[in-house]
Amino acid sequence: MPELPEVETMCRGIEWIVGRRIARVSKPACEYRPISITPSVTTINKKLAGAKVERVSRLGKRVLIHAADHALILQPKMTGMVSLEDPPDLDHNRLQIDFKGWPTLQLFFWDRRGLGTVELQHEDAIEERIVNGKLGPDALTITFDIFSEKLSATSRAIKVALLDQKLLAGVGNLYASEMLHVSKIHPEKPCNKLTKLKKRLLYEVMQRVLLDAIAHEGSTLSDGTYRNALNNPGSYQNQHLVYDRANEPCPSCSLGTIRRIVQAQRSTFYCPKCQKK
DNA sequence: CATATGTCCTGAGAGC
DNA sequence: TGCTCTCAGGACATAT
């Protein structure tokens with residue numbers, strides 16, 4: 001489930017494509033239901049073939065490849081991967097970009113479950129169509145004042161609010177549990193009841209956890225799906241304190257036992273002893 | 001408007 | 001062993 005650190009790792013891993021010209025964009029034959037690609041691959045190929053990749057950027061949990069005044073926007077969602085290495089299999093290879101010149105270079109958008117999407121947007125339309133209404137400030141660049149203000153404006157549980165991409169872009173289910181644990185905040189705490197001090201702590205911890213996870217190239221969970229662009233697993237899963245550790249002793253206080261609860265139909269993990277309501 | 005719930009999809013793992 | 005069932009959760013659509 002690529003979140004900000006995994007998507008950031010993907011972006012850094014495909015930097016090799018910057019400066020290279022696109023030979024063709026194609027959709028490999030695939031027996032599964034095709035993923036959402038707009039406009040058609042044929043149209044995307046017409047726009048991008050021959051164009052030089054200007055840069056790669058990240059917007060929340062999306063990867064943007066900029067070329068020919070457009071951005072090809074890859075949204076991995078649950079099981080998508082953007083990689084320069086051969087994907088785990090060809091059956092789930094959803095989009096492929098071949099580059100001109102030497103050495104041979106191909107980019108794969110591989111997605112086992114096929115929930116991911118691909119779209120091509122003109123640079124001028126990105127702000128309006130992607131950012132406005134869909135994404136809040138990025139979790140790594142939001143200021144504390146805005147963060148604090150946004151939390152004060154809602155009574156939702158903090159864990160649920162952290163997953164709202166309109167409030168804050170980049171945090172997903174795994175890192176939300178981790179950062180609340182480190183901050184010693186109960187996941188069901190209503191946002192507008194957090195003290196300014198707690199919000200400040202969460203803000204600092206959020207950035208530390210995300211940067212630390214980037215340094216470890218993200219988390220590869222037991223299904224082994226996520227890989228960096230060179231096909232190696234991340235290592236932040238070894239740093240997880242609570243995620244997917246239900247019934248284990250709390251590594252922070254060693255008094256509590258990690259609990260799993262469900263919030264907004266998603267698993268939340270926390271220690272009832274050191275994350276009091 | 002704010003918030004809550006349902007849905008998409010495939011494969012891993014549990015249980016029988 | 002092989003079948004069926006449940007679950008994983010990002011983001012959007014729809015409902016309250």
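Here is the naming used below: chain letters follow the sequence lines, and residue numbers restart at 1 for every chain.
Applying the side-chain contact (heavy atoms from CB on, under 4.5 Å) test between A:Pro76 and each of A:Met81, A:Lys61, A:Met10 identifies A:Met10 as the sole match.
Comparing B:dG11, B:dC9, C:dG10 by their nearest atom to the side chain of A:Tyr32 picks out B:dG11. Closest contact between the side chain of A:Arg260 and the listed nucleotides C:dA8, B:dT7, B:dT3 involves C:dA8. Nearest nucleotide to the side chain of A:Ser267, out of B:dT3, C:dG10, C:dA8: C:dA8. Residue A:Met78 places its side chain closer to C:dG9 than to any other of B:dG6, B:dA4, C:dG9. Comparing atom distances between the A:Leu115 side chain and each of B:dG11, B:dC9, B:dT5 picks out B:dC9 as nearest.
Residue-level contact check: A:Thr117 touches neither bases nor backbone, having no heavy atom under 4.0 Å from any strand. A:Phe269 comes within 4.0 angstrom of no nucleic acid atom, judged by non-hydrogen atoms across all strands.
Between B:dT10 and A:Thr79, no contact under 4.0 Å exists linking OP1 or OP2 to a side-chain N or O.
At least one donor-acceptor pair under 3.5 Å links the side chain of A:Glu3 to the backbone N or O of A:Tyr175.
With sequence neighbours left out, A:Arg259 forms a salt bridge (Lys or Arg N to Asp or Glu O under 4.0 Å) with no residue at all. By the side-chain contact (heavy atoms from CB on, under 4.5 Å) test, A:Ser235 pairs with A:His216, A:Asn238, sequence neighbours left out. With sequence neighbours left out, A:Thr257 forms a side-chain contact (heavy atoms from CB on, under 4.5 Å) with no residue at all. The side-chain contact (heavy atoms from CB on, under 4.5 Å) search around A:Thr143 returns A:Asp145, A:Ile146, not counting sequence neighbours.
For A:Arg24 and A:Asp98, the salt-bridge test passes: some basic side-chain N is under 4.0 Å from an acidic carboxylate O.
Counting only Watson-Crick and G-U wobble pairs whose two key distances fall under 3.5 Å, DNA chain B forms stems of three or more stacked pairs at B:2-8 with C:10-16, B:10-16 with C:2-8.
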Protein-nucleotides 11-15 of chain C N/O pairs under 3.5 Å:
residue	atom	partner	partner atom	Å
C:dA11	OP2	A:Lys61	NZ	3.0
C:dA11	N6	A:Arg266	NH2	2.9
C:dC12	OP1	A:Arg62	NH2	2.8

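On the P atoms, B:dG6 is 16 Å away from C:dT6, given to the nearest whole Å.
Under the 6.0 Å distance and 45° angle rule, A:Arg245 does not count as a cation-pi partner of A:Phe269.
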